[in-house]
Amino acid sequence: MEAARAVATDLSNTTVLRTVASSASSIIGAAAAAVAEAQPSASTSSSSSFLLLELPFRQLLRLQPPPAFIASTRRMAAHLDVPTVAAIVGFVFVFCLYLIHIIALSYSKYRLHHQVKPNSSLPGVSVIKPIVGADKNLYQNLESFFTTQYHKFELLFCFHSSNDEAVDVVRSLMNKYPDIDAKMFFKGENVGLNPKINNMMPAYRAARYPLVLVSDSGIFMRPDGVLDMATTMMSHEKMALVTQAPYCKDRDSFDAAFEQLYFGTSHGRIYLAGNCMDFVCSTGMSSMMKKEALDECGGIANFGGYLAEDYFFGRELANRGYKSAISTHPALQNSSSVSISSFLDRICRWVKLRIAMLPHIILVEPLQDCFPSGLIMAFSLKYLLGFNVMTTLILHTIYWISMDYSLMTSMQNGSLGFSTGKFLLIWLLRELSAPLVFIKALLEPTIRWRNNVFHLAWGGRIQPPKC
């Protein structure tokens, strides 16, 4: 919190008002989603009305309050001391987090798990699969693309080396499904410092179809997954990016359940609410783009200087007036080599990326989880209204757990693959680990990814290695 009255006054006139405006737009978004779902479709085509939710949140967030309201707020703030302003800001901040829970859950009910009908008029899809190494689930994951229920597609597999152990896996699948148009590319093309972009370049240049699907090797695709994404893509003429909300396929281990819970709660909440509110929050593990629109941005080679190329794909397309959306089926991650340690390292790497790309989130990132936000709300209400701190913490935690459980069952589209008791245990471990992951990200800003070490400049660009 700020230490001077002038700063506190400015904070009350900017941060609070913008946060309240954001909260209002979120409420409108949820209401619009409910209304849109309740209304019958105006079209009988296979592109159902739920495929695109038109919510002009960016315009809403630009709305300015009336001058009289601003003047009265200034007068009120002039008589507030710093602790009172801090308590009000804390209350509004956590209240907005409560709204995000509601928006995410509502949008998941509205958007996810719809059936799509085959449509032979949809354009062809070039599926690019960058692969490094193999695990015991790789065959199953890749085979799910060979058996996809789509009328026109090609599979383009990318390897840094012909000696990669996954080459034999792909070759065996190509022999098993000789009618599928599949090719392998080796050694890549050096266009920047991002090894994934370099690896995909030959396949991207060779892609024959208007739609390009970049899909990580650890993704298991539902039979109608490609159809779902293509249908969403063609639901609007300005649509250029469709992603699948990251989630996980059911697996037996405790470590895999830990990973699944993270994507079904903390990550899923922000991803769904962000997409509902028209913010750029794309992930590249399973993303489809119009090649023409991407070429307009310079192709994937233009993003070779960024490590989080998926985010910059979405941002550049949005800057050019294109739309993005999530498809109705989540992306099913299905790696067999997941462990809690390796997964926390992965989350730590993502935190480092976010801090480098959006430095201002350093102020918010550690406060958005259950226990830090609960403490903020408890002491804010204690100071403002005299509420009991422990009672507020208990009610806050019950609300948070209930909403997280509801969201995860919505993303799962049914019962979870483990017991409620196991959910509570894993949920507690994840929440307790979140501050430690953030601290580690701050103390060790260097990013290690596979066998590479990266240093990022502010803005997310990869810095060349020092000689």
Side-chain angles (χ1 to χ4, degrees), residues 51 111-120 122-158 166 169-170 172-174 176-177 179-184 196 200 203-204 207 209-234 241-251 256 259-260 263-264 268 271 282-290 310 325-338 411-414 417:
L51 289 176
R111 187 71 188 93
L112 299 181
H113 303 295
H114 294 281
Q115 291 186 343
V116 288
K117 298 179 181 179
N119 183 354
S120 60
L122 294 173
V125 177
S126 297
V127 182
I128 299 179
K129 301 285 291 185
I131 303 176
V132 178
D135 65 19
K136 66 179 184 180
N137 287 351
L138 181 65
Y139 188 96
Q140 178 189 28
N141 295 335
L142 298 184
E143 187 173 32
S144 69
F145 285 84
F146 278 87
T147 58
T148 189
Q149 296 174 2
Y150 197 71
H151 62 284
K152 189 188 301 182
F153 69 98
E154 61 178 347
L155 300 177
L156 310 175
F157 298 97
C158 309
V169 176
V170 173
S172 66
L173 286 166
M174 292 172 65
K176 183 177 180 179
Y177 299 96
D179 295 333
I180 299 299
D181 185 3
K183 303 181 183 68
M184 289 191 286
K196 182 177 179 180
M200 295 191 297
Y204 182 80
Y209 294 122
L211 303 183
V212 174
L213 170 59
V214 177
S215 175
D216 288 354
S217 60
I219 297 297
F220 177 90
M221 185 64 80
R222 287 171 46 118
D224 59 348
V226 176
L227 170 64
D228 172 34
M229 299 181 77
T231 302
T232 304
M233 179 71 77
M234 303 312 294
L241 172 64
V242 175
T243 62
Q244 291 184 304
Y247 192 55
C248 299
K249 195 173 185 292
D250 288 342
R251 290 159 293 174
E259 179 187 44
Q260 188 179 41
F263 284 104
Y271 199 83
S282 55
T283 59
M285 65 179 66
S286 184
S287 58
M288 179 180 287
M289 292 160 284
K290 284 182 178 174
D310 44 7
I326 58 172
S327 62
T328 72
H329 299 314
L332 298 179
Q333 300 171 81
N334 189 38
S335 172
S336 67
S337 57
V338 64
M411 292 194 70
Q412 178 81 2
N413 198 29

Note to self: What's the separation between atom CG in Asn137 and atom OG in Ser217, rounded to the nearest 0.5 Å?
What the structure shows: 11.0 Å

Check: To the nearest 0.5 Å, what is the distance between CD (Glu259) and CD (Gln333)?
Finding: 5.0 Å

Using side-chain heavy atoms (C-beta onward) and a distance below 4.5 Å, is [X] in contact with [Y]?
X      : Y      : answer
Met229 : Leu211 : no
Gln244 : Arg222 : no
Thr147 : Tyr177 : yes
Arg111 : Thr328 : yes

Next item on the list: For the residue pair Gln412 and Asp250, confirm or rule out a side-chain donor-acceptor distance under 3.5 Å.
Entry: yes

Checklist line | Tyr139 versus Ser172, side-chain donor and acceptor atoms under 3.5 Å | finding: no

Next item on the list: Keeping the roles fixed (side chain from Asp228, backbone from His329), state whether a donor-acceptor pair exists under 3.5 Å.
Entry: yes

Margin query: Main chain of Leu241, side chain of Lys290: is a donor-acceptor contact present, judged purely on distance under 3.5 Å?
Written below: no

Notebook entry, point to check: Under the salt bridge (charged side-chain N to carboxylate O under 4.0 Å, His left out) rule, what pairs show up with a residue in residues 134-152, not counting sequence neighbours?
Noted result: Glu143-Lys176

Next item on the list: State, to 0.1 Å, how close Arg251 and Ser335 come at their nearest heavy-atom pair, and which atoms those are.
Entry: NH1-O, 2.7 Å

Next item on the list: Begin from the C-alpha positions of Asp310 and Lys196 and carry the test salt bridge (Lys or Arg N to Asp or Glu O under 4.0 Å) through to its verdict.
Entry: CA-CA 11 Å; Asp310 44 7; Lys196 182 177 179 180; over 6 Å; no

